[in-house]
Enquirer: 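This is the structure I have questions about; it appears just below.
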Amino acid sequence: MNFSQLGLAEAQVRACESLGYTEPTPIQKQGIPVVLSGQDLIGCAETGTGKTAAFLLPIIQKLGEKPRPGVRVLVLAPTRELTTQIHKNYREFNRGKGNRAVVVIGGANMRTQISELRRDAAVVIATPGRLLDLIERRAVSLAAVEFLVLDEADRMLDMGFWPDVRRILAALPEKRQTLLFSATMPGEVLKLTQEFL
């Protein structure tokens with residue numbers, strides 16, 4: 001099986017090939033068609049199995065189908081390192097397609113992040129704490145979010161981020177596509193997914 005058989009457009013398939021990806025991993029085979037169909041998704045896959053591509057490739061494709069203003073994609077991750085890696089992957093898959101992405105993390109200059117957000121950001125890749133700070137300062141609107149990705153949900157739970165995540169979810173439209181990825185699926189994470197998927 002190749003990437004074109006998953007429903008990805010030619011531009012996305014070429015992006016994969018240019019990065020040396022020829023055959024999809026199991027999480028990509030199962031996840032990409034679900035994301036393209038518009039359904040919510042719970043994906044259980046360890047780090048390094050290609051889950052970032054499983055959500056970024058179809059989301060980038062869907063963003064290009066119906067251009068709209070505002071922040072349309074929110075990716076929440078537990079660590080600065082992971083947000084930076086997701087952003088790097090986004091730039092690789094999205095080369096030359098517009099739809100700017102902004103990283104929002106603690107420890108970085110908040111004024112710079114606010115300035116970046118105001119420059120027509122379509123994608124926000126964030127850690128929960130800093131994003132919540134910006135929401136409370138009314139520096140970002142999430143009213144146009146169509147896609148929510150919760151990456152490494154089990155780690156966010158372990159690190160105590162779920163109260164912040166719940167507050168962020170309250171700022172999002174109810175009508176959205178929600179994708180949750182986790183390396184493990186403890187009972188607490190499954191219970192939490194029932195609240196917002």
Side-chain angles (χ1 to χ4, degrees), residues 31 34-35 37-44 51-52 54-56 58-60 62-63 66 68-80 82-84 86-87 90 99-197:
V34 173
V35 179
S37 76
Q39 298 175 62
D40 287 355
L41 171 70
I42 299 173
C44 190
K51 61 182 168 39
T52 304
F55 64 80
L56 285 181
I59 285 175
I60 290 167
K62 290 180 87 170
L63 285 177
K66 294 180 185 173
R68 292 188 185 112
V71 175
R72 299 175 63 195
V73 180
L74 174 61
V75 180
L76 290 177
T79 66
R80 295 170 53 166
L82 184 55
T83 56
T84 304
I86 294 167
H87 186 244
Y90 179 83
N99 294 313
R100 278 184 356 94
V102 175
V103 173
V104 172
I105 53 176
N109 185 298
M110 188 179 285
R111 283 186 186 167
T112 302
Q113 291 176 353
I114 291 170
S115 173
E116 287 289 312
L117 287 166
R118 290 187 176 150
R119 290 179 44 226
D120 295 325
V123 178
V124 172
I125 304 164
T127 53
R130 174 54 63 91
L131 181 61
L132 200 52
D133 287 345
L134 294 175
I135 291 170
E136 289 170 353
R137 291 170 187 252
R138 301 192 191 288
V140 62
S141 170
L142 302 177
V145 168
E146 300 165 42
F147 306 95
L148 168 66
V149 180
L150 300 165
D151 199 9
E152 299 208 6
D154 51 351
R155 285 186 65 196
M156 281 199 274
L157 181 69
D158 290 344
M159 295 169 76
F161 283 130
W162 279 107
D164 288 351
V165 171
R166 278 198 178 99
R167 289 168 66 196
I168 291 165
L169 291 176
L172 299 178
E174 277 189 38
K175 187 179 177 187
R176 64 174 187 265
Q177 186 174 4
T178 302
L179 315 173
L180 179 140
F181 292 89
S182 192
T184 62
M185 203 55 70
E188 287 174 89
V189 170
L190 277 174
K191 185 179 171 191
L192 289 163
T193 62
Q194 293 168 3
E195 293 178 29
F196 51 80
L197 273 93

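Heavy-atom basis, side chains included; hydrogens, waters and symmetry copies ignored.
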Enquirer: Kindly give the heavy-atom pair with the smallest separation between L117 and A139, and that separation in Å.
Expert: CD1-O, 4.3 Å
Enquirer: Tell me, do D151 and L76 make a side-chain contact under 4.5 Å, heavy atoms counted?
Expert: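 Not in contact.
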Enquirer: Below 4.0 angstrom, N of the basic side chain to O of the carboxylate: do E146 and K175 qualify?
Expert: no
Enquirer: Please confirm whether the backbone N or O of T178 pairs with a side-chain atom of D40, one donor and one acceptor, at under 3.5 Å?
Expert: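 Indeed, once roles are kept as given, a pair shorter than 3.5 Å links the two residues.
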Enquirer: As an exercise, state the distance from CG of L150 to CG of L74, rounded to the nearest 0.5 Å.
Expert: 8.0 Å
Enquirer: How long is the span from the NZ atom in K51 to the OG atom in S182, to the nearest 0.5 Å?
Expert: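 These two atoms lie 8.5 Å from each other.
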Enquirer: What is the minimum heavy-atom distance between W162 and A153, and which atoms define it?
Expert: NE1-O, 3.6 Å
Enquirer: Could you check if a side-chain atom of V75 sits within less than 4.5 angstrom of a side-chain atom of V124, using non-hydrogen atoms only?
Expert: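 Side-chain contact under 4.5 Å: no.
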Enquirer: Can you check whether I60 reaches V73 side chain to side chain, under 4.5 Å on heavy atoms?
Expert: no
Enquirer: Given side chains that start at C-beta, do those of I59 and V149 come closer than 4.5 Å, heavy atoms only?
Expert: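 Yes. Closest side-chain heavy atoms under 4.5 Å.
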Enquirer: Within a 6.0 Å radius of atom CZ on R68, are there more than 12 heavy atoms belonging to other residues, nucleotides or ligands?
Expert: yes
Enquirer: Which pair of non-hydrogen atoms, one from Y90 and one from N99, has the smallest distance, and what is that distance?
Expert: OH-O, 2.6 Å
Enquirer: Would you check if I114 and T112 make a side-chain contact, meaning some heavy-atom pair closer than 4.5 Å?
Expert: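 In short, these two side chains do not touch, never coming nearer than 4.5 Å.
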Enquirer: Are the side chains of V104 and T127 in touch, meaning some heavy atoms are under 4.5 Å apart?
Expert: no
Enquirer: Output, in order, the C-alpha distance, side-chain angles, deciding distance and verdict of side chain to side chain contact (heavy atoms under 4.5 Å, CB included) for R176 and L148.
Expert: CA-CA 7 Å; R176 64 174 187 265; L148 168 66; 3.7 Å; yes
Enquirer: I86 versus V103: any side-chain heavy-atom pair under 4.5 Å?
Expert: no
Enquirer: Rounded to the nearest 0.5 Å, how far apart are CG of L180 and SG of C44?
Expert: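 That separation rounds to 9.5 Å.
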Enquirer: Kindly compute the distance separating CZ (F147) from CZ (R72), expressed to the nearest 0.5 Å.
Expert: 6.5 Å
Enquirer: Output yes when a side-chain donor or acceptor of T84 lies under 3.5 Å from a complementary backbone atom of R80, and no otherwise.
Expert: yes
Enquirer: CD of Q113 to CG of D133: how many Å apart, nearest 0.5 Å?
Expert: 9.5 Å
Enquirer: Determine the minimum heavy-atom distance between G70 and A144, stating which atoms define it.
Expert: CA-CB, 4.4 Å
Enquirer: In Å and rounded to the nearest 0.5 Å, what is the NE2 to CG distance from H87 to L56?
Expert: 10.5 Å
Enquirer: If I compare all heavy atoms of P78 with all of F161, which pair ends up nearest, and what's the gap?
Expert: O-CE1, 3.3 Å
Enquirer: Show your reasoning for whether side chain to side chain contact (heavy atoms under 4.5 Å, CB included) applies to I168 and L131.
Expert: CA-CA 8 Å; I168 291 165; L131 181 61; 4.0 Å; yes
Enquirer: Is any side-chain heavy atom of L142 closer than 4.5 Å to a side-chain heavy atom of I135?
Expert: yes
Enquirer: Are D120 and R100 within salt-bridge range, i.e. N to O under 4.0 Å?
Expert: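 So D120 does not pair with R100 through a salt bridge.
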Enquirer: Give me the atom names and distance for the closest heavy-atom approach of G129 to D164.
Expert: CA-OD2, 3.9 Å
